[in-house]
Amino acid sequence: MEYEAARAPPPPLPAPQQQAPASPPLPTRHTPVAPGLRASRFQDVLASSLSHTLAKISWDNFAACYPTVAAQAPAVLRAVQKQMVDRLGALCKKEFDSVLQSRNVVAKLNELEGLVSEAEQRRDEVGAVGPGEAPVPPHMLPADQILAAHLAPHLAQQQSQLNAKLQTVQSHNAKLFDDIQKQRAEMQSLMALLQKVFEDIDGANGQINDVADDLARETRSVEIDMAEP
């Protein structure tokens, strides 16, 4: 038994601890946006509505709900009424601010204001409407103008892409034209060199023809002299 206990396998090693997953990145801090005209007016309307709502919880209305406490301990009831109004106002304001931030209301109202201003500027630049004449509502415009207005951004983008491709092709064609001109100039230079070589060969042939007969006679006379004993 002691021998078997000695031969017993060692206990298993503990499993390596898994590395803890990396913590997620922190959310981006909200950057406040300066409210424009419409956003400021919207906030004023919210504040005014909240003030009018809280004004309904006046002392008279509150005391009418609790006449016994209002008669026996008015100071305590006034404190409760004030705390209730303050607490309700703080909660409503906090909830309004949370909704404004989560829905990005201020930035969207500023964007709307920019779109309206841009539309008015475009209308003034076009000048299609005369002084004192109301502009045509969008639903009264003809179908071709509405279709053109919807297709204008897409067509402008396609035209820009086609212009870029056209410039690239023109640049490539200009480079090919320069290469062809250089090759033509090189071919003309080679043709002129070959023409000069041909002229030199013709001149050499003419000179050889002039002395060919004399060379033939001298060669025959030399052979005759060498043949005599």
Side-chain angles (χ1 to χ4, degrees), residues 21-58 61 85-185:
S23 59
L26 296 176
T28 306
R29 180 177 297 178
H30 174 70
T31 303
V33 181
L37 180 61
R38 285 175 171 79
S40 300
R41 180 57 181 166
F42 181 73
Q43 292 178 349
D44 294 341
V45 170
L46 287 180
S48 177
S49 301
L50 180 59
S51 299
H52 284 81
T53 302
L54 296 178
K56 299 297 182 180
I57 315 176
S58 62
N61 296 333
V85 172
D86 295 342
R87 178 62 176 171
L88 185 59
L91 290 176
C92 292
K93 188 177 184 305
K94 182 179 179 181
E95 187 66 21
F96 285 157
D97 293 340
S98 177
V99 172
L100 291 177
Q101 181 177 349
S102 62
R103 300 296 181 178
N104 203 12
V105 175
V106 175
K108 291 181 179 179
L109 288 176
N110 291 343
E111 183 179 359
L112 175 61
E113 186 173 354
L115 291 175
V116 173
S117 177
E118 183 179 357
E120 293 177 351
Q121 182 179 1
R122 289 183 178 180
R123 183 189 62 187
D124 296 338
E125 290 177 355
V126 171
V129 181
E133 184 179 355
V136 181
H139 64 279
M140 297 296 293
L141 293 173
D144 54 349
Q145 293 186 8
I146 297 177
L147 180 61
H150 282 283
L151 292 179
H154 178 70
L155 295 178
Q157 181 181 3
Q158 294 296 325
Q159 184 179 4
S160 177
Q161 295 178 0
L162 291 176
N163 289 336
K165 292 181 180 179
L166 179 61
Q167 291 178 0
T168 303
V169 173
Q170 290 177 347
S171 176
H172 183 65
N173 291 340
K175 184 178 182 302
L176 291 177
F177 181 77
D178 293 339
D179 295 340
I180 292 174
Q181 291 295 106
K182 291 179 182 178
Q183 292 177 0
R184 286 183 176 178

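All residue numbers refer to positions in the sequence shown, counting from 1. Values below: every heavy atom of this structure, side chains too, minus hydrogens, waters and symmetry copies.
Every residue meeting the salt bridge (charged side-chain N to carboxylate O under 4.0 Å, His left out) condition with K93, not counting sequence neighbours, appears here in chain and number order: D97. Under the rule for a salt bridge (charged side-chain N to carboxylate O under 4.0 Å, His left out), E95 has no partner lying at least two apart in sequence or in another chain. Residues passing the salt bridge (charged side-chain N to carboxylate O under 4.0 Å, His left out) test with D144: none are found, sequence neighbours excluded. Residues passing the side chain to side chain donor-acceptor pair (under 3.5 Å) test with S58, sequence neighbours excluded: N61.
Expressed to the nearest 0.5 Å, how far CG of N110 lies from CG of L37 amounts to 10.0 Å.
Residues R41 and L109 form no side-chain contact, since every pair of their non-hydrogen atoms from C-beta on lies 4.5 Å or further apart. The closest side-chain heavy-atom distance from L50 to L46 is not below 4.5 Å.
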Return a table of donor-acceptor pairs under 3.5 angstrom between the side chains of residues 154-166 and protein atoms on other chains or two or more places apart.
{"from": "N163", "atom 1": "ND2", "to": "Q159", "atom 2": "O", "distance (Å)": "3.1"}

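S117 places no side-chain N or O within donor-acceptor distance of the main-chain N or O of E113, the cut-off being under 3.5 Å. Remark: side-chain polar atoms of H52 are paired, donor with acceptor, to backbone N or O of S48 under 3.5 angstrom. Formation of a donor-acceptor pair under 3.5 Å by the S51 side chain with backbone atoms of A47 is found in this model. S102 contributes a side-chain N or O that, together with a main-chain N or O of S98, makes up a donor-acceptor pair within less than 3.5 Å.
A salt bridge (Lys or Arg N to Asp or Glu O under 4.0 Å) check over residues 99-111, counting only residues at least two apart or in different chains, returns nothing.
Here the closest heavy-atom approach between residue A39 and residue V106 is recorded as CB-CG1, 4.0 Å.
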